[in-house]
Asks: 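Structure incoming, see below.
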Amino acid sequence: DVTAPAGGAVEGGTVDIPDSMGQVQEAEIPQVEIRGITARNFVLGAVARFQVLVDNQRDIPLEGVFVNILVGGVVFKSPLVTVPAKSKIEIIAYGDTASLEEGIYDGRVVFVYQGSEYARNVKVKIGKDSASFVLKEKKGASTLTIFISILFLTVGAWLVVLRFIRKRNI
């Protein structure tokens with residue numbers, strides 16, 4: 001058994017969700033969290049079963065929810081389930097691993113509830129008889145995004161100053 005708790009930021013890219021799953025945004029469903037993913041009795045090339053631990057901190061049950069996990073172009077899907085109020089539950093997602101190879105993949109786990117989607121990026125290590133997941137830390141704006149924003153503001157401010165100086169000299 002391999003258990004991957006939440007946490008531990010991992011560097012790397014992300015995998016786009018195929019059109020058949022719709023567009024997924026990094027958004028949170030208030031008071032619902034993906035706490036970890038467990039793989040038991042994993043065998044590469046067979047149908048795999050992954051347990052996704054979902055924590056519902058809301059005062060109401062969540063009905064008709066499901067989880068999809070995307071790894072290396074393979075989608076592992078769960079049936080529709082109900083998550084009781086104020087509880088943690090394992091939602092089981094199934095998928096065929098025949099097209100996967102041993103290696104490390106950037107993946108995504110998506111929790112869907114009443115049209116809202118909560119997605120987390122994951123780093124997945126697939127072995128011949130094991131699979132492990134590390135949930136990537138949820139992040140705000142990236143350093144690059146912040147840098148580019150500051151750069152544009154600075155250039156914009158300089159353009160305004162230069163324009164003002166030109167008008168005064170004319």
Side-chain angles (χ1 to χ4, degrees), residues 1-42 44 47-97 99-127 130-146:
D1 293 355
V2 178
T3 303
V10 179
E11 294 298 319
T14 60
V15 175
D16 293 331
I17 301 294
D19 290 338
S20 63
M21 290 176 61
Q23 260 187 341
V24 177
Q25 302 296 321
E26 286 288 342
E28 291 191 35
I29 299 172
Q31 301 172 336
V32 176
E33 181 71 37
I34 296 168
R35 297 288 181 196
I37 303 173
T38 305
R40 294 187 182 105
N41 304 318
F42 180 87
L44 185 60
V47 173
R49 172 184 161 141
F50 299 129
Q51 294 83 10
V52 179
L53 181 61
V54 176
D55 184 1
N56 177 15
Q57 301 167 10
R58 301 173 104 185
D59 293 328
I60 59 170
L62 305 176
E63 297 178 359
V65 305
F66 63 93
V67 172
N68 286 335
I69 303 171
L70 181 68
V71 178
V74 177
V75 180
F76 299 84
K77 299 180 177 188
S78 79
L80 294 176
V81 298
T82 297
V83 181
K86 299 280 187 186
S87 68
K88 292 180 185 175
I89 185 173
E90 283 188 342
I91 299 176
I92 304 190
Y94 301 90
D96 190 354
T97 64
S99 64
L100 293 177
E101 297 178 0
E102 289 185 61
I104 297 174
Y105 296 85
D106 290 313
R108 198 155 173 90
V109 59
V110 182
F111 175 83
V112 182
Y113 165 66
Q114 290 185 345
S116 296
E117 297 175 338
Y118 170 59
R120 291 281 302 271
N121 292 325
V122 294
K123 186 63 86 170
V124 185
K125 183 176 181 182
I126 300 291
S130 66
S132 60
F133 293 78
V134 176
L135 291 169
K136 293 184 180 182
E137 289 295 320
K138 295 180 285 186
K139 297 179 183 178
S142 71
T143 306
L144 180 61
T145 303
I146 293 169

Asks: Within the structure provided, determine whether Phe42 and Ile126 are in side-chain contact (heavy-atom separation under 4.5 Å).
Replies: yes

Asks: So, using salt bridge (Lys or Arg N to Asp or Glu O under 4.0 Å) as the criterion, who are the partners of Glu63 when residues are at least two apart?
Replies: none

Asks: Flag the pair Leu135 / Ile34 as yes when at least one side-chain heavy-atom distance between them is below 4.5 Å, and no otherwise.
Replies: yes

Asks: Is it true that a side-chain atom of Thr97 and a backbone atom of Val47 form a donor plus acceptor pair closer than 3.5 Å?
Replies: no

Asks: Mark yes or no for whether Asn56, through its side chain, and Pro84, through its backbone, hold a donor-acceptor pair below 3.5 Å.
Replies: yes

Asks: Side chain to side chain contact (heavy atoms under 4.5 Å, CB included) between Lys123 and Asp106: does it pass, once the steps are laid out?
Replies: CA-CA 5 Å; Lys123 186 63 86 170; Asp106 290 313; 2.7 Å; yes

Asks: Please test Val32 against Val54 for side chain to side chain contact (heavy atoms under 4.5 Å, CB included), starting from the C-alpha separation and ending with a verdict.
Replies: CA-CA 7 Å; Val32 176; Val54 176; 4.0 Å; yes

Asks: Could you check if a side-chain atom of Arg120 sits within less than 4.5 angstrom of a side-chain atom of Glu33, using non-hydrogen atoms only?
Replies: yes

Asks: Identify, with sequence neighbours excluded, every residue that meets side chain to side chain contact (heavy atoms under 4.5 Å, CB included) alongside Glu102.
Replies: Leu44, Lys128

Asks: Evaluate side chain to side chain contact (heavy atoms under 4.5 Å, CB included) for Ile37 paired with Val122, printing each intermediate quantity in order.
Replies: CA-CA 10 Å; Ile37 303 173; Val122 294; 4.1 Å; yes

Asks: Do the side chains of Ile92 and Ser78 get nearer than 4.5 Å, heavy atoms only?
Replies: no

Asks: Are Val83 and Ile91 packed together at the side-chain level, in the sense that at least one heavy-atom pair is separated by less than 4.5 angstrom?
Replies: yes

Asks: Would you list the pairs meeting ring-ring contact (aromatic ring centres under 6.0 Å, His included) in which at least one residue belongs to residues 60-87, sequence neighbours left out?
Replies: Phe50-Phe76

Asks: So how far is it from Thr82 OG1 to Leu62 CG, rounded to the nearest 0.5 Å?
Replies: 8.5 Å

Asks: Calculate, to the nearest 0.5 Å, the distance between atoms CZ and CG belonging to Phe111 and Asp55 respectively.
Replies: 10.0 Å

Asks: Output all residues satisfying salt bridge (Lys or Arg N to Asp or Glu O under 4.0 Å) with Lys86, sequence neighbours left out; order by chain, then residue number.
Replies: Asp59

Asks: Under 4.5 Å between any side-chain heavy atoms of Val110 and Val67, yes or no?
Replies: no

Asks: Using the side chain to side chain contact (heavy atoms under 4.5 Å, CB included) criterion, which residues pair with Glu90? Sequence neighbours excluded.
Replies: Thr38, Arg40, Gln51, Leu53

Asks: Mind checking whether Val65 and Leu80 have side chains closer than 4.5 Å, heavy atoms only?
Replies: no

Asks: Just wondering, do Tyr105 and Leu100 contact through their side chains at under 4.5 Å, heavy atoms?
Replies: yes

Asks: Kindly give the heavy-atom pair with the smallest separation between Ala39 and Ala131, and that separation in Å.
Replies: CB-O, 3.4 Å

